[in-house]
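For reference, the structure discussed in these notes is given below.
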Amino acid sequence: MQISWACLAVGIIILAIGAVTFAGRFHTLFKEWRRMPEDEKRKIHIKPLCRNIGAAIMVCGAFILAAAFSSFFLQKMFSWFMLGWFILAAIDLWYISKSKRYIDK
């Protein structure tokens, strides 16, 4: 079995970023979040939003890790999986922007 070390490194990094986002710790690093008034922050349901985005990022990391350990997956299926992931991520972002689930009006 041949391991793609580049895919392994990138997959671990993306998986870690997704896990930190899922745990609700990543958004506090952005200065825009820190500058936002407290009453605006209270309107956002940040936990479910972080879980949604974190899960999407972790799925991407899992695909890249799968490519690291399977040359067949990397050569034949990876592009299709990532295309599907991009389409589903775009639909998810559209849903986030249009739904009332993550914000109180």
Side-chain angles (χ1 to χ4, degrees):
M1 176 171 74
Q2 176 104 12
I3 295 177
S4 172
W5 295 103
C7 286
L8 181 66
V10 171
I12 290 171
I13 291 168
I14 291 176
L15 200 61
I17 290 170
V20 170
T21 303
F22 188 85
R25 307 237 187 256
F26 196 65
H27 69 281
T28 59
L29 300 176
F30 295 110
K31 64 180 168 182
E32 290 82 11
W33 177 261
R34 291 190 305 260
R35 289 182 186 171
M36 187 182 294
E38 287 300 319
D39 59 327
E40 289 294 318
K41 287 181 185 179
R42 280 192 293 273
K43 291 180 183 178
I44 300 171
H45 302 161
I46 197 68
K47 289 280 188 186
L49 182 60
C50 287
R51 288 191 179 133
N52 183 327
I53 294 170
I57 294 170
M58 286 192 298
V59 167
C60 178
F63 289 159
I64 295 172
L65 281 177
F69 292 105
S70 172
S71 61
F72 175 78
F73 181 78
L74 180 59
Q75 294 171 2
K76 305 287 183 187
M77 299 165 46
F78 181 70
S79 298
W80 293 108
F81 271 74
M82 289 309 294
L83 177 64
W85 180 84
F86 279 119
I87 291 169
L88 291 176
I91 292 169
D92 187 38
L93 288 175
W94 175 81
Y95 172 75
I96 289 170
S97 70
K98 298 297 180 189
S99 76
K100 308 291 185 212
R101 181 176 181 198
Y102 300 108
I103 193 162
D104 289 330
K105 293 286 178 170

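Values reported hereafter were calculated over all heavy atoms of this structure, with side chains retained and with hydrogens, waters and symmetry mates removed.
Note: Glu40 CD to Trp33 CH2 = 10.0 Å, rounded to the nearest 0.5 Å. Note that CG of Asp92 is 10.0 Å distant from OG of Ser97, once rounded to the nearest 0.5 Å. Once rounded to the nearest 0.5 Å, the distance linking OG of Ser79 with CG of Leu74 reads 8.0 Å. The CD1 atom of Ile57 sits 9.0 Å away from the CD1 atom of Ile14 when rounded to the nearest 0.5 Å.
In this structure, Ile44 and Met36 approach most closely via the heavy-atom pair CD1-SD, 4.0 Å. Closest of all the heavy-atom pairs between Thr21 and Cys50 is O-CB, 3.2 Å. Residues Phe78 and Ala67 approach most closely at CD1-CB, 3.8 Å, considering heavy atoms. Nearest approach of Leu29 to Arg25, heavy atoms of both residues: CG-O, 4.4 Å.
Judged by distance alone, the side chains of Tyr95 and Asn52 never bring a donor and an acceptor atom under 3.5 Å apart.
For CZ of Arg35, the number of neighbouring non-hydrogen atoms (other residues, nucleotides, ligands) closer than 6.0 Å is 12 at most.
Taking 4.5 Å as the limit, every side-chain heavy atom of Leu49 sits out of range of all side-chain heavy atoms of His27. Using a 4.5 Å cut-off on side-chain heavy atoms (C-beta onward), Phe69 and Leu8 make contact. You'll find the side chain of Cys60 reaches within 4.5 Å of the side chain of Ile64, heavy atoms only.
Residues satisfying the salt bridge (Lys or Arg N to Asp or Glu O under 4.0 Å) test with Glu38, not counting sequence neighbours, are Lys41.
Judged purely by atom type and a 3.5 angstrom limit, Arg51 has no side-chain atom pairing as donor or acceptor with the backbone of Ala23. A distance-only check finds no donor-acceptor pair linking the side chain of Arg101 to the backbone of Ile96 [under 3.5 Å].
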Can you give the donor-acceptor pairs under 3.5 Å from side chains of residues 80-88 to other protein atoms, not counting sequence neighbours?
unit_1: Trp85; atom_1: NE1; unit_2: Ala56; atom_2: O; d: 2.9

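Not less than 6.0 angstrom separates the ring centroid of Phe26 from the ring centroid of Phe22.
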